[in-house]
Amino acid sequence: MKAKIKTAIPGPRSLELSKLRKDSVSDGHGSVSGVFIDRAEGSNLIDVDGNIFIDYAGGIGTMNVGHSHSLVLAAIKDQVEKFIHPCFTVAPYELYVTLARRLSQLVPISAECKAAFFNSGAEAVENAVKISKSFTGRNSVLVFSHAFHGRTQMTMSMTYKEDPYKKGFGPFISNIHRVEFPEKELDLKSLEIDPRSIACAVIEPVAGEGGFMPVSFDAMRQLRDFCDEHDIIMVADEVQTGFGRTGSLFAMSQFGVEPDMFTLAKSIAGGLPLSGVVGRSDIMDSVHVGGIGGTFGGNPVACAAALAVLDIMENEKLPQRAIEIGEKIRTMVEGVMSSSPWVSEVRGLGAMQGIVITDKNNGPDKKHTSRIYQNAMKNGLMMITAGTYGNVIRTLMPLTIKNDELDQSLEILSNALRVP
Ligand SMILES: Cc1ncc(COP(=O)(O)O)c(C=O)c1O
């Protein structure tokens, strides 16, 4: 469906709901748009006032197969009829095992792999760290500037941006060591510990919340060499880059190096809460029985949805589609740059493109980014921004977006990018 806006944004019903929300929902849980959603379908969000948006946020990257995909709905309905939650720790079920097997075969690691499932991206990262500690007998973690790994105590400590993610929540976990994000080269000059005390290095192949910045291919190779030299587990955090977003099922296959472990979440289950750690079997098996798990991890309804997502990725060739989408975005943005000097860069991989907005002195311009966002919203494009300095517009649209929707959305975005 094309975008269609009938009211001021937010519309009257959304404004009413915002008032109710104010009375009953914690102020600490923000929402970037004040628009309340009534329905979602494919690449569209339809709000409670009947406005139709094209969705460039995709539930912050959870909707790569699109909203309410018929195969995901069918898998969910079918599973709900059978059972909802016996809890894998109590009474296991085949779906969990089938999903573990499929993902273990799909991740770009040539060694035998195994998987374990959790609920959120943060939990996956947290467990990847636990497993790495278990395997190596070490307790330090290497992370990068601009990293985002989640909001639990461990993953918040690994995350870079102070406000809003860490402000007032210290003290943070010690033994987390940070070096510069390797956009060009891996620079370990600031590393002040013995590399042989590091259990794992955790890296996003494209920094997500940090501003859609890809790691250079050279730097990824250097990190792999560093990990090999010091027997450090290399963890690719593909929570945001995974499931076709960057032009391959997992971004790491474009870098020509194999990590030892993957953390996966977001688009894994078509919008249901599920996450996973998939990695070399020898590493995954190093934890004592009961050392990892959780009540809801690998919920069967979410596992059924995840199996449908893998079928859709393959049948609809969504990773290839991500490349086409990315090329269209880049062509549009490059066309706008000459007349809009504040659009200083477009960067990313596949359909994970970041558009960087800067001021006259080439510094990050968060206010201008916000004006562009508002203009796009009122014309029917729901977006989100990213970046340590809040000056990057990011694209996380469903990869199932139709050509006429993509063309219309790019027109809305190009007009918004021209707003001074
Ligand atoms: C790369 C990465 N890791 C981890 C997380 C945390 O995921 P969740 O919000 O599901 O805990 C995110 C979320 O944005 C992410 O982008």
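Counting convention: from 1, in listed order, for ligands and their atoms alike. All values below come from the heavy atoms of this structure, side chains included, with hydrogens, waters and symmetry mates left out.
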Problem - Mutual orientation of the aromatic rings belonging to His368 and Trp342 [parallel < 30°, tilted 30-60°, perpendicular > 60°] - result: tilted
Exercise for the section: Name the orientation class of the two ring planes belonging to Phe250 and Phe262 (parallel below 30°, tilted from 30 to 60°, perpendicular beyond 60°). Expected result: tilted
Completion exercise
Sorted by chain and number, sequence neighbours left out, side chain to side chain contact (heavy atoms under 4.5 Å, CB included) with Phe83 holds for Gln79, Pro86, Tyr93, Pro300
Exercise for the section: Under the side chain to side chain donor-acceptor pair (under 3.5 Å) rule, collect the residues that match up with Arg178, sequence neighbours excluded. Expected result: none
Exercise for the section: Please answer whether the main-chain N or O of Ile198 pairs with a side-chain N or O of Thr136 as donor and acceptor at a distance below 3.5 Å. Expected result: no
Completion exercise
Protein neighbours of ligand 1 with a heavy atom under 4.0 Å, given by chain and number, are Ser120, Gly121, Ala122, Phe148, His149, Gly150, Glu204, Glu209, Asp237, Val239, Gln240, Lys266
Handout entry: With Asp163 via salt bridge (charged side-chain N to carboxylate O under 4.0 Å, His left out) - residues at least two apart
Key = Lys167
